[in-house]
2 protein chains.
Amino acid sequence: MMNIAASPLTKKLSAFVALSETELAVLERLHQRRKSFSAGRDLVHQGQSEQAAYILASGWVVSYKIQADGSRQIVDFQIPGDFLGLRSVLLHTSDHGIEPLVDIEAAEVMASDLLQAFAETPRLATAILWAVSRDEAMVVEHLVGLGRRDADARMAHFLLELGARLSLVGMGSKAGYACPLTQYHLADALGLSAIHVNRVLRKLREDALVTFRDGLVTFDDYGRLIELADFDPAYLDQARPLLP
Amino acid sequence: MMNIAASPLTKKLSAFVALSETELAVLERLHQRRKSFSAGRDLVHQGQSEQAAYILASGWVVSYKIQADGSRQIVDFQIPGDFLGLRSVLLHTSDHGIEPLVDIEAAEVMASDLLQAFAETPRLATAILWAVSRDEAMVVEHLVGLGRRDADARMAHFLLELGARLSLVGMGSKAGYACPLTQYHLADALGLSAIHVNRVLRKLREDALVTFRDGLVTFDDYGRLIELADFDPAYLDQARPLLP
DNA sequence: CGAACTGTTGAGCCCTCTCAACGTGAGTGG
DNA sequence: CCACTCACGTTGAGAGGGCTCAACAGTTCG
């Protein structure tokens with residue numbers, strides 16, 4: 001088996017556990033059933049009882065919840081290397097919808113595959129538990145943003161976090177990144193109205209902090225933006241592997 | 001080994017996976033190092049790099065993040081059977097603080113214990129992954145509350161969720177439950193000011209929906225409260241085990 | 001070439017915040 | 001046993017951040 005083109009998930013997990021040849025092989029086997037999905041067509045509907053999870057190989061995905069009153073809260077965006085719908089499989093009910101923002105490629109993973117992989121290599125179980133915990137840490141940070149940051153800081157923090165995540169898989173830098181999100185996506189993610197998002201973006205742009213325009217995020221003053229957002233990327237980055 | 005007095009965690013996990021004798025024994029072994037902690041003294045400080053996680057045996061605990069400006073966002077409250085600081089161990093950095101609200105008892109679990117347990121019984125790994133996913137589902141629901149619910153619905157949803165969780169471990173019912181939280185705790189959890197919490201509670205009480213008073217939550221009209229909160233406990237309750 | 005989606009701007013309003021004050025009960029020390 | 005403090009709860013008044021309603025411009029696409 002060739003390990004030259006490691007999948008984004010493998011890259012991510014390798015930062016956490018030093019994976020052996022065997023473990024890499026098992027991980028690679030999870031990527032076998034490759035599937036494609038079209039932008040805008042839900043992968044998982046809210047309320048559906050789903051058996052399969054996915055590992056995102058390319059493209060952007062949004063996870064959201066629809067309220068009874070019709071309003072939408074975006075929980076997170078997924079980028080390559082992230083799991084899709086793992087929670088739905090484990091909880092045996094999908095409490096949220098999953099929609100590709102662009103055409104995507106993803107590997108299908110059944111619950112039984114996961115159990116078998118864990119049986120073969122317990123360290124892999126720990127590594128995946130780590131990945132799930134990291135996802136939770138992001139949701140927690142998101143939560144703090146909604147609860148205790150004003151609209152400007154919330155937006156700044158969001159754009160910085162996304163940039164950091166993209167940098168880890170080679171899709172961004174401290175200069176900026178390509179971003180297919182609309183202002184409506186930002187609004188539903190940040191708990192704001194689309195109109196207010198527009199005003200906030202204008203303010204950040206006029207203050208020469210960030211520019212969000214034409215599918216491109218440009219950091220005009222990275223340092224000052226970090227200060228405004230009170231951003232600390234510790235929870236995203238893995239300084240050193242925990243398991244030897 | 002006697003299984004008569006199953007720990008709260010065992011109860012929770014058993015609802016998800018049918019655990020064998022061996023698995024129960026391994027799970028029981030994780031409970032060996034019993035420790036006590038006093039109310040108000042942080043178990044884990046924010047920023048600390050922690051090696052041990054805990055399984056809460058009795059008492060209430062709060063997980064929170066302090067912002068640079070001094071404001072506090074409570075991420076969640078833990079009740080018996082919940083993990084404490086598992087994320088801190090896995091991410092190798094504590095992005096949040098953990099404080100006992102009352103005197104508590106908890107079993108210390110080292111990262112190595114966990115790895116060893118996974119090696120012996122991979123199904124246990126899946127079960128714990130489930131528990132972590134359930135925690136994440138609660139944080140997600142919390143996120144939706146902050147992003148898309150007004151203060152009244154947010155409070156109603158919070159009190160209902162807590163009631164449902166407590167019911168699962170035998171500490172509450174549809175009539176109500178004992179609750180050691182102050183209005184300041186509610187404020188920091190729900191992203192409101194303590195003053196507004198007070199007003200919201202008064203309104204809910206005057207509308208004969210819930211009464212929060214003297215450490216006691218009483219549901220005056222469970223049905224109407226669920227309607228106001230748009231509450232769906234699917235993500236908390238396990239209809240049937242996923243793994244045979 | 002109309003329809004749908006996205007972005008932009010203005011005006012007014014309301015939910016929730018902040019500031020300020022006061023009440024109550026539990027400790028605690030003199 | 002009383003004064004004092006401290007934590008928690010309660011209420012009022014005014015301010016402000018973000019929402020809603022309304023309108024319009026640019027693009028893409030069928």
Side-chain angles (χ1 to χ4, degrees), chain A residues 38-41 60 62 67 69-74 99 101-103 145-156 158-159 178-207 210-218 228, chain B residues 38-41 60 62 67 69-74 99 101-102 145-156 158 178-207 210-218 228:
Chain A
S38 304
R41 298 260 293 274
W60 291 59
V62 56
Q67 296 289 102
D69 67 0
S71 68
R72 177 174 75 160
Q73 175 66 44
I74 288 178
E99 178 194 319
L101 285 171
V102 297
D103 291 351
L146 287 177
R148 288 291 176 229
R149 278 194 268 266
D150 64 20
D152 295 6
R154 211 181 296 171
M155 176 70 73
F158 175 81
L159 295 176
C179 173
L181 308 180
T182 68
Q183 296 187 354
Y184 290 85
H185 287 125
L186 295 178
D188 284 348
L190 301 178
L192 301 169
S193 67
I195 293 167
H196 200 60
V197 163
N198 186 282
R199 289 191 234 274
V200 169
L201 287 176
R202 171 155 52 122
K203 182 154 179 294
L204 292 178
R205 190 185 336 120
E206 286 172 357
D207 289 353
V210 235
T211 306
F212 180 98
R213 192 184 273 279
D214 300 326
L216 226 58
V217 175
T218 312
L228 169 64
Chain B
S38 304
R41 298 260 294 274
W60 291 57
V62 55
Q67 296 290 101
D69 67 0
S71 67
R72 178 174 75 160
Q73 175 65 45
I74 288 178
E99 179 194 318
L101 285 171
V102 297
L146 287 177
R148 289 291 176 229
R149 280 193 268 265
D150 65 20
D152 295 6
R154 210 181 298 172
M155 177 68 74
F158 175 81
C179 173
L181 307 181
T182 69
Q183 295 187 356
Y184 291 87
H185 287 125
L186 294 178
D188 284 348
L190 301 178
L192 302 169
S193 67
I195 293 168
H196 200 60
V197 163
N198 186 281
R199 289 191 235 273
V200 168
L201 287 176
R202 168 157 51 120
K203 182 154 180 294
L204 291 178
R205 190 184 337 120
E206 286 172 358
D207 289 354
V210 234
T211 306
F212 180 98
R213 193 185 273 278
D214 301 325
L216 226 59
V217 174
T218 312
L228 169 65

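First the proteins, then the strands, lettered A, B, ... as listed; each starts at 1. The structure displayed is predicted, hence computed values, not measured ones.
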Touch class at under 4.0 angstrom, heavy-atom based, for B:G191 against every strand present: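 Sugar-phosphate only.
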
Sugar-phosphate, base or nothing in reach of A:T182, heavy atoms under 4.0 Å: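 Sugar-phosphate contact only - A:T182 comes under 4.0 Å of backbone atoms but never of a base.
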
Please give, in whole Å, the distance from [N] [atom2] to [X] [atom1]?
X	N	atom1	atom2	result
A:L204	C:dT8	CG	P	13 Å
B:D188	D:dC8	CG	P	11 Å
B:R205	D:dG9	CZ	C1'	10 Å
B:L190	C:dT16	CG	P	11 Å
A:R213	C:dT6	CZ	P	17 Å
A:H196	C:dT9	NE2	P	14 Å
B:D152	C:dC15	CG	P	10 Å
B:L186	D:dC8	CG	P	12 Å

Whether A:D103 side chain and A:A39 backbone form a donor-acceptor pair below 3.5 Å: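 Between the backbone of A:A39 and the side chain of A:D103 there is a qualifying donor-acceptor contact (under 3.5 Å).
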
Main-chain N/O of B:S71 paired to B:D69 side chain as donor or acceptor, under 3.5 Å: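 Yes; at least one donor-acceptor contact below 3.5 Å.
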
Compare side-chain N and O positions of [X] against OP1 and OP2 of [N] and report whether any pair is under 4.0 Å apart.
X	N	answer
B:R199	C:dT16	no
B:R202	D:dT10	no
A:Q183	C:dT8	yes
B:N198	D:dT10	yes

Taking the side chain as every heavy atom from C-beta outward, state whether [X] and [Y] have any atom pair closer than 4.5 Å.
X	Y	answer
A:L201	A:L186	yes
B:L204	B:F212	no
B:R213	B:T218	no

A:R154 or B:A194, whichever maps to the more 5' nucleotide of DNA chain D: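 The residue mapped nearer the 5' terminus is B:A194.
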
5' precedence on DNA chain D between B:H185 and A:A151 (nearest-nucleotide basis):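 The residue closer to the strand's 5' end, by nearest nucleotide, is B:H185.
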
Side chain of B:I195 (C-beta onward), nearest among D:dT11, C:dG7, C:dC17: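 Looking only at side-chain atoms, B:I195 lies closest to D:dT11.
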
